[in-house]
Amino acid sequence: MIYAICPSCLHKWRPPVLAAPAMLCPHCGDKRGIAHAELPDLEIGHLDCDAFYASIEKRDRPELANQPVIIGGGKRGVVSTCCYMARKFGVRSAMPAFKARELCPDGIFLPPDMAKYQREGMRIREMMRAVTPVIEPLSIDEAFMDMTDAYERTGKSPAENLVALQKLIVQEVGITVSIGLSYNKFLAKIASDLNKPFGFSLIGRAEAVEFLADKPVRMMWGVGPAMERKLHQDGIKTIGQLHEIDIHHLQGRYGSIGKRFYHFSRGQDNRQVETSSERKSLSSETTFGEDIADMAALGDVLQRLVGRVAVDLARKRIAGHTVVLKLKTADFKSRTRNMRLNHPTLREELILQSAMTLLHREIDGTKFRLLGVGVTDLFDADDADPDDLFATTGTAATTTTITSDTQLMADQSTRAAAMTVPPAHETPSASTRHTRNSHQADQIATAQQVSGGTSSNRGITTLATSATSSTTPARPQSRAPVNILLPRPTLEQLRESLTRPYRKQVKQPRQHKFVF
């Protein structure tokens, strides 16, 4: 059935024609009524909060409602986000603070409160889960949703569910969100950006190619500044121009991403909404109030940042295999250095040691305005920091250390002692045990003398002392422990122990997101 929906009152009606994507609601008079010929069939949604950080601050501080609010920046930092009033002055995310102050001198700069933003983001995430369990978060304030089973779960179409969710977030959280609805992720993401703030846009199959024809290539997923410059150098500025180029030519010129361009330009995207997205890195960084060149001062800051990273790694139960150091010079040139560790780790001291090594190499008198540290190539915490191969455990209180030139003779004395142990059904007398223990002590003493000294000067510490002196009375109620020294591991045991932690680290291959 072809119908239209009102985002304000959720009224649904059958319009006489579908000449425009928006029309007047006959129930409440709202001009944002949503109508589309494919409305019941579009199942992939993208929700994006409108200026999320700034909207939360304006909600909590009503006096800022009509003020241009900018989150972040400080004296020398960068803008995290800003409200739409500030954007009218040209302020944008990731813009240097001094530039934002030049463009918007009356702007209200506020420090970010990430704990509060994460808390509100999770509230919205729970509301989304009530609509569908198939959610792919992209950040704290946006996510894809697969609404394929909307009818079975709620008895309503995907569009009806998303319109109701948009209204609920306004009522419960107090901020607005924009939603895009289409038949794939690529177009749903584009649709959510069309009518911000508080927009609800749809892109169907019938108009997809025509809609994309005059859109800039930068709108495509995966096209950053460098790729945009390369496309412009080749005379390609719109998505429609890519539609006219053969797939083999695109692949030959741009590699594997050329194949993606071919399909995106035709409105094709077979990526599924993935409920578990794999984190690629974890980091922390700070911008200094004044440029710093001193190693001691930079080291103090680095230590604090590593502490934050270590806390996050422990909380999220993940470990990093590669330590990354990020520096930005006073003239805004970035330096990124990394060091791959022998094994994944979440130990603060190991990350700090590696980061300090990287930092020492960059100290050449250059002044830095930003310092960051993080880890990449992430693994589960259970696969991190493997135990020492040669660490031994046992019931004794003292650790065993055996030198190579005495181990063979100690093993021989152990085997000789073991041969004299009677079967379990025989109970030796006290005098027999005393004689046997004295004999074992003589054998170990002989081994020490042949090896060139006593245990104190040869580095030998026994697990337990089973030999008793002739003046010590035997205790028949309990058998004295046999002095057993651990043998050297076999070649097979060594091979297995060395490869075990690395076998755990082998990740299962994931299906590529773009398998056309």
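Note that these values count all heavy atoms, side chains included, but never hydrogens, waters or copies made by symmetry.
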Close side-chain approach of [X] and [Y], heavy atoms under 4.5 Å:
{"X": "Thr238", "Y": "Leu212", "answer": "no"}
{"X": "Met227", "Y": "Tyr254", "answer": "yes"}
{"X": "Val69", "Y": "Leu110", "answer": "yes"}
{"X": "Ile56", "Y": "Tyr117", "answer": "yes"}
{"X": "Lys326", "Y": "Val373", "answer": "no"}
{"X": "Phe288", "Y": "Leu298", "answer": "yes"}
{"X": "Met128", "Y": "Met145", "answer": "yes"}
{"X": "Glu160", "Y": "Val163", "answer": "no"}

Given 3.5 Å as the limit, does a donor-acceptor pair link the side chain of [X] with the main chain of [Y], or not?
{"X": "Glu38", "Y": "Ala206", "answer": "yes"}
{"X": "His321", "Y": "Thr345", "answer": "no"}
{"X": "Thr132", "Y": "Asp146", "answer": "yes"}
{"X": "Asp269", "Y": "Phe186", "answer": "yes"}
{"X": "Arg218", "Y": "Val223", "answer": "yes"}
{"X": "Ser354", "Y": "Leu350", "answer": "yes"}
{"X": "Asp234", "Y": "Ile236", "answer": "no"}
{"X": "Glu142", "Y": "Asp48", "answer": "no"}
{"X": "Thr275", "Y": "Val134", "answer": "no"}
{"X": "Ser182", "Y": "Ile203", "answer": "yes"}

> Who are the salt bridge (charged side-chain N to carboxylate O under 4.0 Å, His left out) partners of Asp214, not counting sequence neighbours?
Replying inline: none
>> Assess the residue pair Ile190 and Met219 against the criterion (side-chain contact (heavy atoms from CB on, under 4.5 Å)); give the C-alpha distance rounded to whole Å, side-chain angles, the decisive distance to 0.1 Å, and a yes or no.
In response: CA-CA 7 Å; Ile190 291 178; Met219 186 176 285; 3.6 Å; yes
Any idea which heavy atoms bring [X] and [Y] closest together, and the distance?
{"X": "Leu346", "Y": "Ala319", "answer": "N-CB, 4.1 Å"}
{"X": "Ser93", "Y": "Ser80", "answer": "OG-O, 3.3 Å"}
{"X": "Cys82", "Y": "Ala54", "answer": "C-CB, 4.0 Å"}
{"X": "Arg123", "Y": "Glu172", "answer": "NH2-O, 2.9 Å"}
{"X": "Pro68", "Y": "Cys83", "answer": "CA-SG, 3.7 Å"}

To the closest 0.5 Å, what do you measure between [atom1] ([X]) and [atom2] ([Y])?
{"X": "Glu228", "Y": "Met220", "atom1": "CD", "atom2": "CE", "answer": "10.0 Å"}
{"X": "Ile124", "Y": "Ile175", "atom1": "CD1", "atom2": "CD1", "answer": "4.0 Å"}
{"X": "Leu378", "Y": "Lys280", "atom1": "CG", "atom2": "NZ", "answer": "10.0 Å"}
{"X": "Asp385", "Y": "Asp383", "atom1": "CG", "atom2": "CG", "answer": "10.5 Å"}
{"X": "Arg335", "Y": "Leu325", "atom1": "CZ", "atom2": "CG", "answer": "10.5 Å"}
{"X": "Leu187", "Y": "Ser192", "atom1": "CG", "atom2": "OG", "answer": "11.0 Å"}

> Can a cation-pi geometry be assigned to Arg266 and Tyr262, taking NZ or CZ under 6.0 Å from the six-membered ring centre and within 45° of the ring axis?
Replying inline: yes
>> Would Lys196 and Phe198 count as a cation-pi pair here, with the cationic atom under 6.0 angstrom from the ring centre and within 45° of the axis?
In response: no
>> Please evaluate residues Thr322 and Asn338 with respect to the criterion side chain to side chain donor-acceptor pair (under 3.5 Å), reporting the C-alpha separation (whole Å), side-chain torsions for both, the decisive distance (0.1 Å), and the verdict.
In response: CA-CA 7 Å; Thr322 303; Asn338 60 76; 5.9 Å; no
>> Under the criterion side-chain contact (heavy atoms from CB on, under 4.5 Å), I'd like the reasoning laid out for Phe261 against Leu231: C-alpha separation, chi angles, the key distance, then a yes or no.
In response: CA-CA 11 Å; Phe261 292 162; Leu231 289 167; 4.2 Å; yes
> Would Tyr53 and Asp113 satisfy side chain to side chain donor-acceptor pair (under 3.5 Å), going step by step from the backbone distance to the final call?
Replying inline: CA-CA 8 Å; Tyr53 297 174; Asp113 186 349; over 6 Å; no
> Going through the checks in order, is the side-chain contact (heavy atoms from CB on, under 4.5 Å) test met by Val301 and Leu305?
Replying inline: CA-CA 6 Å; Val301 176; Leu305 295 177; 4.2 Å; yes
Mind listing the side-chain donor-acceptor pairs of residues 95-102 below 3.5 Å, one per line with the distance, residues two or more places apart or on another chain?
unit_1 : atom_1 : unit_2 : atom_2 : d
Arg101 : NH2    : Gly74  : O      : 2.8

> Under the salt bridge (Lys or Arg N to Asp or Glu O under 4.0 Å) criterion, do Glu285 and Lys328 qualify, and how do the steps go?
Replying inline: CA-CA 11 Å; Glu285 65 180 42; Lys328 184 174 290 186; over 6 Å; no
Determine, for [X] against [Y], whether the closest basic-nitrogen to carboxylate-oxygen distance falls under 4.0 angstrom.
{"X": "Lys116", "Y": "Asp60", "result": "yes"}
{"X": "Asp193", "Y": "Lys189", "result": "yes"}
{"X": "Arg129", "Y": "Glu126", "result": "yes"}
{"X": "Glu290", "Y": "Arg369", "result": "no"}
{"X": "Arg340", "Y": "Asp377", "result": "yes"}

> Of the options Glu63, Gln67, Met85, which is the one that meets Lys58 in a side chain to side chain contact (heavy atoms under 4.5 Å, CB included)?
Replying inline: Met85
> When you look at Val217 and Leu242, which way does the side-chain contact (heavy atoms from CB on, under 4.5 Å) test go after all the steps?
Replying inline: CA-CA 9 Å; Val217 291; Leu242 290 170; 4.2 Å; yes
>> Enumerate the side-chain hydrogen bond (donor to acceptor under 3.5 Å, both in side chains) contacts for residues 242-251, please, sequence neighbours excluded, ordered by first and then second residue.
In response: none
>> Counting only heavy atoms not in Lys88 (residues, nucleotides, ligands), do more than 12 fall under 6.0 Å from its NZ?
In response: no
>> Counting neighbours of CG on Asp331 that are heavy atoms of other residues, nucleotides or ligands and sit closer than 6.0 Å, is the number greater than 12?
In response: yes
> Could you go step by step and tell me if Glu43 and Tyr151 meet the side chain to side chain donor-acceptor pair (under 3.5 Å) rule?
Replying inline: CA-CA 11 Å; Glu43 300 173 335; Tyr151 283 105; over 6 Å; no
>> Walk me through whether Arg317 and Asp382 qualify under salt bridge (Lys or Arg N to Asp or Glu O under 4.0 Å).
In response: CA-CA 8 Å; Arg317 297 296 302 160; Asp382 295 336; 3.4 Å; yes
>> Between Ser178 and Asp50, does the side chain to side chain donor-acceptor pair (under 3.5 Å) criterion hold? Intermediate values first, please.
In response: CA-CA 7 Å; Ser178 294; Asp50 301 322; 2.8 Å; yes
